[in-house]
A.B. asks: 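My questions will all concern the structure given below.
Nothing here was measured: the structure is a model prediction, and the numbers come from that model. Proteins get letters first, then strands, A, B, ... in listed order; numbering begins at 1 in each. Computed over heavy atoms, backbone and side chain alike; hydrogens, waters and symmetry mates excluded.
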Protein chains: 2
Amino acid sequence: MLTEGLQDYIEAVLICEKEHGCVRMKHIACRLGVRTPSVNAAVKELARLGLVSHESYGLVELTASGRQTARSVYKRHQMLRRFFSETLALPDNLAEKTACGIEHHLDERTAARMTRFMRFLDSQSEKHPGFAKELREALIDE
Amino acid sequence: MLTEGLQDYIEAVLICEKEHGCVRMKHIACRLGVRTPSVNAAVKELARLGLVSHESYGLVELTASGRQTARSVYKRHQMLRRFFSETLALPDNLAEKTACGIEHHLDERTAARMTRFMRFLDSQSEKHPGFAKELREALIDE
DNA sequence: TAACAATGTTAGCCTAGGCTAATATACAAC
DNA sequence: GTTGTATATTAGCCTAGGCTAACATTGTTA
């Protein structure tokens, strides 16, 4: 079973791949703010689950199914980040932190619903000039 | 420091108090789906933090500061439950489960922002007949 | 090619927070 | 008052997932 922690790790693999072209233990460690022995243990487990391949002292690579999993985790993360950052107009770092904290607690259905919800808000902004502005004003909290 | 787990416990104390008039270990255990020894350890810690008072084999009672903390946790929980249940129109049990999972990951500011956001949506529904209906239709996902 | 720097791995420890089994207490009923 | 049942507590174990320190490997550079 893919625990919350492992979801973070596999997402990190995908992102490190994008960022560096290849994935080393230290990249993952750096991204997640943990030490390499922790990464080592996690990657071992991901390999056992067939989500990455990895041989000793070598690079980490996503398998097909691992990539699919990672993408789905990533997509959800981005959706949440957008919700907090764009919809709620919170600062990027806070939006990111919050998205990161909650992403593992939304099931498929809830995530899909939120996506539709955000789409609806976008459509309202387009249809009704003033909607976005009203929203922005409603959110001010000082 | 009040860990996530302890926040669940202190919220449970408040709810058990509402439900039963007094708070026993077993009430908390039942509500959180854990065993009494786990509750015992948590309550001990809450007492150490000055959030509840409790003597051996007796009832658990919130202190003033504990009650304040519990209420704030509870309020956030309810706000989230409403977001998923009313705004996103998800089934109650799913909304509850999701709210429960993510509540500890929102800081004060984010929670306040979401509250304002929901207030804004309510005001739109009032001002523009059809808004709520359009939203409902936009969320359908079958 | 020898040595060093960077990286990865292993071993062993720690904490949080569950659990069960065994023990202790409180209270009700006889 | 003794006994039985419900509840609470303690002791001790387990897992996930961090960590450091020590060791191993790789690859680069003199």
A.B. asks: Do B:Arg116 side-chain atoms and A:Ile140 backbone N/O form a donor-acceptor pair below 3.5 Å?
C.D. replies: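 Indeed, once roles are kept as given, a pair shorter than 3.5 Å links the two residues.
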A.B. asks: Please walk me through it: do A:Glu134 and B:Gln124 pass side-chain hydrogen bond (donor to acceptor under 3.5 Å, both in side chains)?
C.D. replies: CA-CA 10 Å; A:Glu134 268 185 72; B:Gln124 290 295 307; 3.0 Å; yes
A.B. asks: Looking only at side-chain N and O atoms, does A:Arg35 come under 4.0 Å of OP1 or OP2 in D:dG18?
C.D. replies: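 False: A:Arg35 side-chain N/O out of range (4.0 Å or more) of D:dG18 OP1/OP2.
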A.B. asks: Just the atom pairs and distances: protein N or O near nucleotides 22-29 of chain C's N or O, under 3.5 Å.
C.D. replies:
none

A.B. asks: Using 0.5 Å steps for rounding, measure from the CG atom of B:Asp92 to the CZ atom of B:Phe84.
C.D. replies: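 Rounded to the nearest 0.5 Å, the CG-CZ separation comes to 13.5 Å.
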A.B. asks: Does any residue of residues 21-32 of chain A have a heavy atom under 4.0 Å from DNA chain D, and if so, which ones, in number order?
C.D. replies: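 Going residue by residue through residues 21-32 of chain A, none turns out to have a heavy atom under 4.0 Å of DNA chain D.
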A.B. asks: Rounded to whole angstrom units, what separation is found between the CG atom of A:Leu59 and the C1' atom of C:dT7?
C.D. replies: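 Whole-Å distance recorded here is 11 Å.
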A.B. asks: Distance under 6.0 Å and angle within 45° of the ring axis: does A:Lys18 meet both against A:Tyr74?
C.D. replies: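 Yes.
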A.B. asks: What N/O pairs connect the protein and nucleotides 13-17 of chain D at under 3.5 Å? Give each pair on its own line.
C.D. replies:
residue : atom : partner : partner atom : Å
D:dG17  : OP1  : A:Thr3  : OG1          : 3.1

A.B. asks: With sequence neighbours excluded, tell me which residues meet ring pair (Phe, Tyr, Trp, His ring centres under 6.0 Å) with B:His128.
C.D. replies: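 Here no residue qualifies.
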A.B. asks: Only pairs under 3.5 Å count here: list side-chain donor-acceptor contacts from residues 61-68 of chain A, not counting sequence neighbours, and write none if there are none.
C.D. replies:
residue : atom : partner : partner atom : Å
A:Thr63 : OG1  : A:Gly50 : O            : 2.8
A:Thr63 : OG1  : A:Leu51 : O            : 3.1
A:Thr63 : OG1  : A:Gly66 : N            : 3.0
A:Arg67 : NH1  : A:Glu17 : OE1          : 2.8
A:Arg67 : NH2  : A:Glu17 : OE2          : 3.1

A.B. asks: Counting heavy atoms not belonging to B:Lys133, are there more than 12 under 6.0 Å from its NZ?
C.D. replies: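 Atom NZ in B:Lys133 is not packed in, count stays at 12 or less.
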A.B. asks: Quick one, which residues of residues 43-53 of chain B touch DNA chain C with a heavy atom under 4.0 Å?
C.D. replies: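 Here the set is empty: none.
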A.B. asks: Tell me whether the side-chain N/O atoms of A:Thr36 come closer than 4.0 Å to OP1 or OP2 in C:dG8.
C.D. replies: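 For A:Thr36, the contact criterion (side-chain N or O under 4.0 Å from OP1 or OP2 of C:dG8) is not met.
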